[in-house]
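Report on one structure; see the data block that follows.
Just so we're clear, the structure is a prediction, and the values are computed from it rather than from any experiment.
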Amino acid sequence: MAQRSFSIRTKLVLLVIGAISLAEIFVITFTAWQEASRYAISRPQSLFSVAQIIASTAANAAATHDVQAAQSAMRGMGRIEGLVYVGLNLPDGETLADFGATEQLASDLVLTNPDEKISIGDILGSRTIEVQVPVVQAGKQIGLLRLIGDTRDLPGLVWAAVETALLGGGAALIIAIIIALRLQGAITRPLTRLAGAMAQIKVKHDYRVVLPRESNDEVGLLVEGFNGMIADIHERDERLARHRERLEQDVADRTADYQRAASEAVAADRAKSDFLATMSHEIRTPMNGILVMAELLAGSDMPERSRKQAEVIARSGASLLAIINDILDLSKIEAGKLDVEHLEVSPFEAVDTVLRLFADRAHTKKLDLAALIELPRNTRIDADPTRLGQVLSNLVNNALKFTEAGGVTIHVGPDGEDRIRFSVIDTGIGIAKDKLGTIFEAFSQADQTTTRQFGGTGLGLTIARRLVTAMGGEIAVTSTLGEGTNFHFSLPLTTPSSESGWARWSGEQASAPRAVVSVAGKQTETALAHYLEQAGFAVETVGAEALEQSAVGAQLVLAAFDRLSQQPRLDLDGSGAIVAVGFADERAETLLPSRRADGVLIRPASAFELDEIVSRLIAGRPLSEDTRGADQRETATPTFAGLKVLVADDAEVNREVADAALRRLGIVADFVEDGRQAVDAVLKTRYDLVLMDGSMPELDGFDATREIRAAEAEGNRERTPIVALTAHVIGTAADAWREAGMDGVLHKPFTLARLADVIGTHATGTHAVPVEGQIETEAAEGQLDLAVLEDLLKMAGGAFAVVDRIVGLYEAQSADRITELREAVTTENVERLGRVAHALKSMSFNVGARAIAETAARFERIAREDQSLVEISEIDRLAEDRETVIRAIGDWRKRM
């Protein structure tokens with residue numbers, strides 16, 4: 001056995017095994033080394049090429065800080081296999097935009113030079129390869145592009161090569177052993193040739209060698225397998241060579257692809273802007289009709305229920321408009337086209353405006369809304385009043401949205417020597433600490449589930465932050481989950497003062513006068529106590545149960561309406577005054593006739609209104625007069641009777657809206673339907689103002705204005721004021737009115753106040769007359785004989801409560817009689833119509849409702865003498881007249 005083990009047969013077998021094994025090891029090692037070497041060269045080059053293309057494409061986005069454009073430039077990266085992350089950093093290190101995600105180890109490769117050599121050890125030891133390419137524009141580096149690709153495909157490539165070699169070598173080894181065992185001689189010669197061929201390949205690396213197949217037995221198969229392996233290697237080498245030759249062309253092709261993608265991205269961005277502009281116009285145009293007509297309806301003589309429905313339409317439309325404006329504001333901010341003014345603004349006026357805006361909403365949610373302002377009265381800040389109101393409204397809206405119990409406080413006070421700090425503090429759900437960092441990002445909320453629960457776009461805080469920044473401030477937030485949130489920002493102070501400017505008790509008494517505050521809501525209680533303390537009072541806050549006892553000896557009592565209405569007048573044991581603090585719908589003024597209150601303060605409490613009360617108290621004047629301070633009095637609604645106005649608009653609905661709004665302001669306007677008619681009208685008639693729609697057939701408003709201006713210049717005519725009436729607020733059409741030579745712009749949807757302001761500013765020969773609601777009041781009092789009510793009061797011995805009860809019964813029963821009239825007409829019951837009309841006539845004459853009584857008498861005569869029915873429309877008009885009379889009675893009650 002020992003001799004046989006060393007026989008030629010055995011040696012041959014061992015030789016074959018050893019030779020083929022060594023060859024296989026060499027081929028595998030060489031193949032793996034070659035594959036890894038190729039990868040170490042080609043992979044970084046490919047990454048640098050892609051990175052340079054993306055950096056070139058994203059240069060404009062980096063220069064303008066345009067996040068969307070940067071992301072669009074990177075989005076094509078997702079289609080390139082093996083790329084896991086791309087990020088665009090600004091010079092300060094901040095990431096402008098990124099795409100993808102990965103984890104990097106400290107040992108992973110980071111390359112900044114395309115010519116940097118990489119060893120096989122480095123490439124094998126790195127999970128990822130990061131290349132960094134500077135983003136350059138106009139020869140200046142404006143950013144840094146980081147591109148990361150993984151090396152997960154390297155083991156697969158190496159293993160594929162090794163696997164091929166293993167398969168070929170294994171097959172050759174098996175065949176060689178079999179043949180060697182059976183045919184020593186037949187094997188020796190082919191193996192010798194095979195060894196020679198391998199030696200030749202080893203020296204020359206020429207894989208074109210092909211061994212002849214001398215037989216069809218196992219030796220022939222071994223030779224064939226060897227030839228196949230060498231052919232595969234040769235083919236792979238040729239593919240690599242061809243790939244190297246095509247690499248430059250591939251890069252050029254990909255560059256062209258990226259350029260096309262960049263061009264498409266620019267076109268898409270332009271299309272987005274055009275789309276926003278178009279949709280803004282298309283949405284705002286019908287909303288103009290909705291909001292203006294709802295405003296006119298709410299202010300007209302109509303049933304209370306209908307008025308409330310009109311007010312709901314107006315509020316809903318305003319909410320929708322606010323969402324549209326949020327989206328447009330964000331688009332303007334991102335495009336760098338949103339400007340802010342820098343004016344001297346009173347923080348008190350800004351805060352009071354927001355309080356009135358959200359009073360109903362806070363009351364509906366049973367939340368306490370108050371402002372605590374610790375500043376002198378004449379303090380002024382550097383801000384844009386509109387944008388400041390927008391920021392505060394946004395913060396208060398959020399606070400009310402995410403608060404279910406407690407309340408919201410707007411706190412304003414000094415922030416150092418030269419700034420004023422605004423804080424909106426709520427007792428709501430709070431924000432988790434890990435969410436605070438993203439709360440100001442666009443379309444972001446602290447918890448995405450809140451979008452479904454509370455609603456909202458997630459844009460408000462983003463816009464607020466950018467507006468505050470534009471006004472020279474910085475917004476921040478602190479919050480405790482489950483306890484509440486504090487959003488705060490500061491703005492520059494422009495007018496400091498050492499004088500408070502607030503009414504203050506003279507201090508002649510030995511001790512400070514005492515004031516008692518008894519209201520529900522910690523926020524309002526704290527604010528009222530603060531304002532009274534700065535007025536020189538010693539303040540005591542008490543609950544409802546201690547109010548009566550604490551009021552004794554007090555100089556001033558501020559108590560909730562419901563706490564005063566449940567008992568007779570408080571005994572102050574002196575000359576003190578009582579102020580009822582109530583919400584607008586509580587009609588706290590009804591406590592004045594019974595002397596249970598001397599004055600009224602509507603919640604949310606205004607610092608100006610409370611200061612006026614204190615001033616009246618100090619001066620010894622009655623508190624039941626208008627308690628609004630001079631800074632807070634509502635401006636009168638003007639009328640422009642006799643003004644010549646032309647409205648050019650092709651939409652009938654828009655013309656109806658403009659006609660209704662202008663008539664409310666005392667103007668009977670002329671109307672045309674296109675720009676050509678507008679030019680003809682202006683050249684024939686001298687108008688004080690032209691309201692010109694931009695988009696019209698035949699000749700649009702802008703071209704029509706150009707023709708008018710040209711005719712004025714040619715004929716030395718007096719310039720006609722022309723104001724654009726348009727729904728375009730973004731896009732190129734938004735500024736077209738300036739280029740056309742117009743004098744101003746009135747954006748749809750507009751309000752009556754804004755329309756009046758435009759007329760007062762631009763119309764020539766303007767002679768506005770304040771009416772302060774006199775048209776409606778005079779019309780109402782024309783239907784109500786106040787002398788009858790005065791006679792009733794005299795007959796009752798001056799007891800207002802008796803007359804109040806009578807008119808209260810009339811208010812309820814007259815509504816029932818009108819319902820019965822409608823039912824009588826519907827059922828064609830002539831006898832009932834006459835009977836009910838007679839009853840309504842009698843009760844209306846008794847309270848002085850002369851117009852209603854005369855109409856009811858006419859209904860009675862038609863039913864009883866003509867045996868006929870009246871039209872339902874006549875009853876509807878009678879119901880509207882009744883609503884007018886009821887409001888007039890309410891006004892009379894307030895004056896008593």
Do you know which two heavy atoms are closest between [X] and [Y], and how far apart they sit?
X      : Y      : result
Pro44  : Leu111 : CB-CD1, 3.8 Å
Ser423 : Arg421 : OG-NE, 3.7 Å
Ala55  : Pro134 : CB-O, 4.1 Å
Ala62  : Leu88  : CB-CD2, 3.9 Å

Got a donor-acceptor contact below 3.5 angstrom from the Arg419 side chain to the Ser490 backbone?
yes
Output, in order, the C-alpha distance, side-chain angles, deciding distance and verdict of side chain to side chain contact (heavy atoms under 4.5 Å, CB included) for Val133 and Leu144.
CA-CA 6 Å; Val133 175; Leu144 183 68; 5.9 Å; no
Residues in side-chain hydrogen bond (donor to acceptor under 3.5 Å, both in side chains) contact with Arg127, at least two apart in sequence or another chain:
none
Could you pull out every donor-acceptor pair under 3.5 Å between side chains of residues 92-99 and any protein atom, sequence neighbours left out?
{"unit_1": "Asp92", "atom_1": "OD1", "unit_2": "Glu94", "atom_2": "N", "d": "3.0"}
{"unit_1": "Thr95", "atom_1": "OG1", "unit_2": "Asn89", "atom_2": "OD1", "d": "3.2"}

My understanding is that only residues two or more places apart in sequence, or in another chain, count here; which of them pass side-chain contact (heavy atoms from CB on, under 4.5 Å) with [X]?
X      : result
Ala399 : Val408, Val424, Asp426
Ile53  : Thr57, Thr255, Tyr258
Ser479 : Ile431, Leu436, Thr485
Pro91  : none

Supply the atom-to-atom distance [X] [atom1] to [Y] [atom2], rounded to the nearest 0.5 angstrom.
X      : Y      : atom1 : atom2 : result
Ile142 : Thr64  : CD1   : OG1   : 8.5 Å
Ser56  : Gln52  : OG    : CD    : 9.5 Å
Ile475 : Thr469 : CD1   : OG1   : 8.5 Å
Ile54  : Ser49  : CD1   : OG    : 11.0 Å
Phe489 : Met471 : CZ    : CE    : 6.0 Å
Gln390 : Asn397 : CD    : CG    : 11.5 Å

Set of salt bridge (charged side-chain N to carboxylate O under 4.0 Å, His left out) partners for Arg38, sequence neighbours left out
Glu35
Do Val131 and Thr112 pass the side chain to side chain contact (heavy atoms under 4.5 Å, CB included) test, and can you show the C-alpha distance, the side-chain angles, and the key distance before you say yes or no?
CA-CA 6 Å; Val131 297; Thr112 59; over 6 Å; no
For the pair Thr478 and His488, evaluate side chain to side chain contact (heavy atoms under 4.5 Å, CB included) and give the outcome as yes or no after the intermediate values.
CA-CA 8 Å; Thr478 59; His488 50 87; 4.1 Å; yes
Verify side chain to side chain contact (heavy atoms under 4.5 Å, CB included) between Ile129 and Leu47, making sure each step is shown before the conclusion.
CA-CA 8 Å; Ile129 301 175; Leu47 291 175; 3.8 Å; yes
Any salt bridge (charged side-chain N to carboxylate O under 4.0 Å, His left out) pairs touching residues 472-483, not counting sequence neighbours?
none
Can you check whether Asp382 reaches Leu491 side chain to side chain, under 4.5 Å on heavy atoms?
no
Val391 versus Phe422: any side-chain heavy-atom pair under 4.5 Å?
no
Could you list all the side-chain hydrogen bond (donor to acceptor under 3.5 Å, both in side chains) pairs where at least one residue sits in residues 128-137, not counting sequence neighbours?
Asn60-Gln137, Gln104-Glu130, Asp108-Thr128, Glu130-Gln132, Glu130-Arg146
